[in-house]
Amino acid sequence: MSKSQYAMSSTSSATSPARSSSNPPAGAKKVRTRIAPSPTGDPHMGTAYIALFNMVYAHSQGGEFLVRIEDTDQARSTPESEATILDALRWLNIEWTEGPDVGGPHGPYRQSERQDIYRGYADQLVSQGDAFPCFCSNERLDEMRATQRAEGKTTRYDGLCQSIAPAEAAKQIAAGDAHVIRLVVPVDGTFSFEDALRGTIEIPWQQVDMQILLKSDGMPTYHLAVVVDDHLMEISHVMRGEEWINSVPKHARLYDALGWEMPIHAHLPLLRNPDSSKLSKRKNPTSVTYYRDMGYLPEAVANYLGRMGWSMPDEREIFSLPEMQDAFSLERISLGGPVFDIDKLNWLNGEYLRALSEDEFAERAIAWFTQGNRLRALVPLIHQRTNRFADIAPQVDYLVGDRADLTADDFDHKRVASDQARQILDHALRSFDESRGWERDGIFAICTTLAEGLELKLKDFLGPLFVAIGGKAVTLPLFDSMALLGADVTRMRLRSALEALGGVSKKETKRFEKSWRALIARSEAEIVTVDKEDSGS
RNA sequence: GUCCCCUUCGUCUAGAGGCCUAGGACUCCAGGUUUUCAUCCUGGCAACAGGGGUUCGAACCCCCUAGGGGACGCCA
């Protein structure tokens, strides 16, 4: 297979007018876009951002926008996460006409419910010779990648199982050997496609891995599922984060092998942290629910997101979603990754708040105070501690709104020195970053583990955390407080407390990371020993 | 390390060869209105990453370098 063959076949499928403006040519396919979140955590701002642009673009073209749930990761996907993500999108006034909750003619809209469909196409690909079963163990793959990396090469499957005769492979599969299905990719030449925002992009096939299409649990990977679903759901434009650019060759290969036309692709820039890395919960509140809980208005957040990488033709800063839709065009998208700037969002939100009438303001403020029954949830914490209702507000101030700003002095008087306080905050932050759930008991377990590991009394360990969370040495119970505040607010307060204590130097970061890792490893080892003892008795 | 993407004030951006002495917004600073604060008003600081081309002319086109980001998973 020659270079030109591939370049041509894949380019020709994506030749539609790049950066074309408002009116689609007569008789053109209906514009259909989608957001395809993976329900593995909190609703991420990046998801909302991409969703917004997909919806706005589709609507600006008189097209349709839909939601599909990419829950092929059995271990991490949860229904709760799916529900909060859909809630968050709705909160932002992002609307879809097809999706897992509203149904539609192209369903089901949950990939876990479409398993048979993928299986069929995987079989087809294998029988066509475009894919093959692979029996390699993780150990072998790890070793292979380590070697490749050491040699300075891109890691890539070496094709070992490709040479197994189909009959032999069938025998192994019949015998129940664990296997995956891998995609065959060209060994040389260059792939090229037209990105609607970036023009021609070329990627050498050498760089493209023989991607797994079907996992050993029978679920498809993203790559198979996305191509199959986008085709079956008649998606005309794939607008997604630029992190996907390197996957386009695989997807194009699949479209080609299945005889399908590839949708137009537009890779949007990624939202960034202030240090310009990709927006992450480690460094920033990334959950849409955080912004809801902090009292941002959905229209302000949507407006702000619309200003990320896009501008109104008249440079207006403040605009509604319908106004954005009317003025929208792809060519006004700028490609530099925009930094998510909370200061500017705060200003914008203030503009929206000030523009409200007093009645509207009152109504929305009350709705915010009482949202999700949060005041009721505080009652168990304050009930026994309250003599007069007037005592309530001072007790819960840090739970209902921001806590006081901190200085290093606020951490004095504690039994732990400032260095140790920093270590406590740092280690707590690291453990919270890794933890999946966010309930009182889980938080408690994390803290006891860390306190033991640092050989501190729990009470002393918790001292700096009380200050970091509540802004004072005495607050309502800490674990309940953190649970109520949510993971993003908790992390944010810990980070800001660390700043108040002078920040953590590069050197110290390294030291902390080392000590935290050692501590976690030790505690895990203990758990294993305990388990053994238990089972022995 | 390999490949890909990106590059205008600290941040979000305008700018598609002469309209640029580079405009707006946020932040910050100064002044004014206001009993404080906030709002509001006025003003100020502040950028075309560097180097080569192309052109009568380059922030805009091309090349190189640098910097930033991303990808390299049986995660998406």
Side-chain angles (χ1 to χ4, degrees), chain A residues 19 36-41 44 46-47 69-77 111 134-138 141-142 145 148-157 178-182 190-193 195 197-209 211-226 240-250 267-279 304-318 331-351 353-355:
Chain A
R19 295 186 159 240
S38 178
T40 53
H44 198 277
T47 305
I69 298 295
E70 311 226 314
D71 57 351
T72 53
D73 186 339
Q74 300 263 268
R76 290 197 289 174
S77 298
Q111 291 185 331
C134 169
F135 304 89
C136 289
S137 68
N138 282 323
L141 294 174
D142 287 347
R145 290 191 186 113
Q148 289 170 335
R149 223 168 259 250
E151 288 168 0
K153 293 179 187 157
T154 299
T155 55
R156 191 177 190 272
Y157 182 64
H179 68 286
V180 300
I181 303 294
R182 282 184 188 274
T190 298
F191 166 79
S192 124
F193 78 104
D195 183 283
L197 302 174
R198 295 158 199 264
T200 308
I201 294 177
E202 297 192 335
I203 297 169
W205 280 112
Q206 293 261 9
Q207 291 296 317
V208 183
D209 200 1
Q211 184 61 51
I212 291 180
L213 300 176
L214 217 55
K215 312 183 222 180
S216 52
D217 67 0
M219 275 289 184
T221 58
Y222 170 82
H223 303 281
L224 208 216
V226 77
R240 62 210 328 179
E242 63 177 317
E243 53 196 330
W244 292 109
I245 291 178
N246 287 301
S247 296
V248 176
K250 298 167 193 169
H267 291 93
L268 297 166
L270 256 24
L271 260 26
R272 311 282 189 94
N273 295 314
D275 69 0
S276 90
S277 55
K278 163 170 143 180
L279 192 67
Y304 183 69
L305 252 17
R307 288 284 299 121
M308 300 273 87
W310 189 79
S311 61
M312 269 288 194
D314 63 1
E315 290 196 64
R316 219 173 338 147
E317 297 279 344
I318 298 178
E331 54 267 38
R332 293 199 68 82
I333 292 180
S334 49
L335 297 173
V339 171
F340 193 89
D341 178 12
I342 296 207
D343 277 336
K344 187 149 183 180
L345 173 59
N346 287 344
W347 164 79
L348 190 63
N349 198 60
E351 289 290 303
L353 249 20
R354 275 169 231 120

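Just so it is clear, the model here is predicted, and its values are computed rather than measured. Each chain gets a letter, A, B and so on, in the order its sequence line appears, and its residues count up from 1.
- Using atom P as the reference point in both B:G31 and B:U36, the two lie 15 Å apart (nearest Å).
- Below the 3.5 angstrom threshold, one finds a donor paired with an acceptor across the side chain of A:T154 and the base of B:U2.
- To the nearest whole angstrom, the two P atoms, one in B:G18 and one in B:G57, are 14 Å apart.
- In this structure, A:E317 atom CD and B:U11 atom C1' are separated by 12 Å, rounded to whole Å.
- With B:A76, B:G73, B:G23 as the choices, the nucleotide that has an atom nearest any side-chain atom of A:T221 turns out to be B:A76.
- Using a 4.0 Å cut-off between charged side-chain N and carboxylate O, A:D314 and A:R316 make a salt bridge.
- Atom CG of A:D209 and atom C1' of B:C72 are 8 Å apart (whole Å).
- Checked against B:G69, B:C4, B:A14, the side chain of A:K278 finds its nearest nucleotide in B:G69.
- Side chain A:E242 to base B:G69: no donor-acceptor pair is found below 3.5 Å.
- Residue contacts for A:M219: at a heavy-atom cut-off of 4.0 Å it reaches no nucleic acid atom on any strand shown.
- Look at the P atom in both B:C5 and B:C61: the space between them is 16 Å, to the nearest Å.
- Rounded to a whole Å, the CD atom of A:Q206 is 12 Å from the P atom of B:C4.
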- A:R182 and A:I212: side chain to side chain contact (heavy atoms under 4.5 Å, CB included), yes or no, with the steps? CA-CA 4 Å; A:R182 282 184 188 274; A:I212 291 180; 3.7 Å; yes
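- Of all nucleotides present, only B:A71 satisfies the Watson-Crick or G-U wobble test against B:U2, with each distance under 3.5 Å.
- Of the listed nucleotides (B:U27, B:C4, B:G73), B:G73 has the atom at the smallest distance from the side chain of A:R145.
- The shortest distance between the side-chain N/O atoms of A:T155 and the OP1/OP2 oxygens of B:G73 is below 4.0 Å.
- Put simply, the side chain of A:L141 reaches to within 4.5 Å of the side chain of A:Y157, judged on heavy atoms.
- Between B:C5, B:C4, B:A76, one nucleotide has an atom nearer to the side chain of A:R198 than all others, and that is B:C5.
- Within the nucleic acid shown, A:E151 has no heavy atom closer than 4.0 Å to any nucleic acid atom.
- The side chain of A:L141 lies closest to B:C74 when the candidates are B:A14, B:C5, B:C74.
- Contacts of A:G309 with the nucleic acid, taken as non-hydrogen atoms under 4.0 Å apart, involve only primed sugar atoms and P, OP1 or OP2.
- Which of B:C26, B:C74, B:G70 sits closest to the side chain of A:K344 comes down to B:C26.
- In this structure, of B:G73, B:C75, B:C40, it is B:C75 that holds the atom nearest to the side chain of A:K215.
- As rounded to whole Å, 19 Å separates atom P of B:G73 from atom CG of A:L214.
- Between the side chains of A:Q207 and A:T154, at least one donor N or O sits under 3.5 Å from an acceptor N or O.
- Rounding to whole angstrom units, CG of residue A:L268 and P of B:C4 are separated by 21 Å.
- Straight-line distance between the C1' atoms of B:A16 and B:U8: roughly 14 Å, to the nearest whole Å.
- Across B:C9 and B:C28, the matching C1' atoms stand 13 Å from one another, rounded to whole Å.
- Distance CH2 (A:W244) to P (B:A71): 9 Å, rounded to an integer number of Å.
- One finds no side-chain N or O of A:R149 lying less than 4.0 angstrom from the OP1 or OP2 phosphate oxygen of B:C3.
- Closest contact between the side chain of A:W347 and the listed nucleotides B:A71, B:U27, B:U2 involves B:U27.
- As rounded to the nearest Å, B:G17 and B:U54 have C1' atoms that lie 11 Å from one another.
- In this structure, A:T40 reaches neither bases nor backbone, as no heavy-atom distance under 4.0 Å exists between it and the strands shown.
- Atom CD of A:E243 is separated from atom C1' of B:C72 by 13 Å (rounded to the nearest Å).
- Of the candidates B:A76, B:C4, B:C74, B:C74 carries the atom nearest the A:N138 side chain, counting heavy atoms from C-beta on.
- B:A30 and B:C45 have their P atoms separated by 15 Å, with the value rounded to a whole Å.
- Rounded to a whole angstrom, the distance from the P atom of B:C41 to that of B:U27 is 12 Å.
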- Stepwise side chain to side chain contact (heavy atoms under 4.5 Å, CB included) test for A:I245 and A:I201: CA-CA 9 Å; A:I245 291 178; A:I201 294 177; 4.1 Å; yes
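- Applying the 3.5 Å distance criterion, the base of B:C75 shares no donor-acceptor pair with the side chain of A:S38.
- Between A:W310 and A:F135, it is A:W310 whose nearest contact on RNA chain B lies nearer the 5' terminus.
- Remark: the backbone N or O of A:E202 is not paired with any side-chain donor or acceptor of A:T190 at under 3.5 angstrom.
- Here the nucleotide nearest the side chain of A:R307, chosen from B:A76, B:U13, B:C5, is B:U13.
- Here A:E351 lies in heavy-atom contact (under 4.0 Å) with sugar-phosphate atoms only.
- Where A:D73 and A:I203 meet RNA chain B, the nucleotide closest to each residue was compared, and A:I203 sits on the side nearer the 5' end.
- The partner of B:C19, taking Watson-Crick or G-U wobble pairs whose two distances both stay under 3.5 Å, does not exist in any strand shown.
- Base-pair partner of B:A66: B:U7 (Watson-Crick or G-U wobble, both distances under 3.5 Å).
- Note: A:Y304 and A:F340 have perpendicular aromatic rings, judged against thresholds of 30 and 60 degrees for the angle between ring planes.
- Between the P atom of B:C5 and the CG atom of A:L335 lies a distance of 11 Å, rounded to the nearest Å.
- No donor-acceptor pair under 3.5 Å is formed between the side chain of A:D209 and the backbone N or O of A:Q211.
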